Amino acid sequence: MEESNFTEKDISTVETSILSSVETSTVIIISVTWFDTRLQSIQWFGEMIMLIFITGLSIGENKVADKGKC
């Protein structure tokens, strides 16, 4: 059996949460465009909240990474 070089250290917790949120956003975009689904205003509001938090996590992770380089 071949051993994998992938370890838990290769992807951080923040990256994992960002990827899982992006997956949900992708499903919403596909359902709206491809399946012509109509979302309610509360669903659009939830999507906007997710995008805000994804952006915040990304910016926060970059700031922490930059501090560690000093």
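None of these values were measured; they are calculated from a predicted model. Numbers here simply count residues along the sequence, with the first being 1.
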Self-check item: Qualifying residues under side-chain contact (heavy atoms from CB on, under 4.5 Å), relative to E23, sequence neighbours excluded
Solution: none
Cut-off 3.5 Å, no hydrogens considered: what does the side-chain donor-acceptor table look like for residues 48-56, sequence neighbours left out?
from, atom 1, to, atom 2, distance (Å)
T55, OG1, L51, O, 2.8

Practice problem: Spell out, as yes or no, whether a donor-acceptor pair under 3.5 Å connects the side chain of S31 to the backbone of T37. | Solution: no
Quiz prompt | Spatial distance of atom CD1 (I42) from atom CD (E47) [nearest 0.5 Å] | solution = 13.0 Å
Quiz item: Using links of under 4.5 Å between side-chain heavy atoms of ILVMFWY residues, direct or through other members, which residues join W44 in one cluster?
Solution: I28, V32, L39
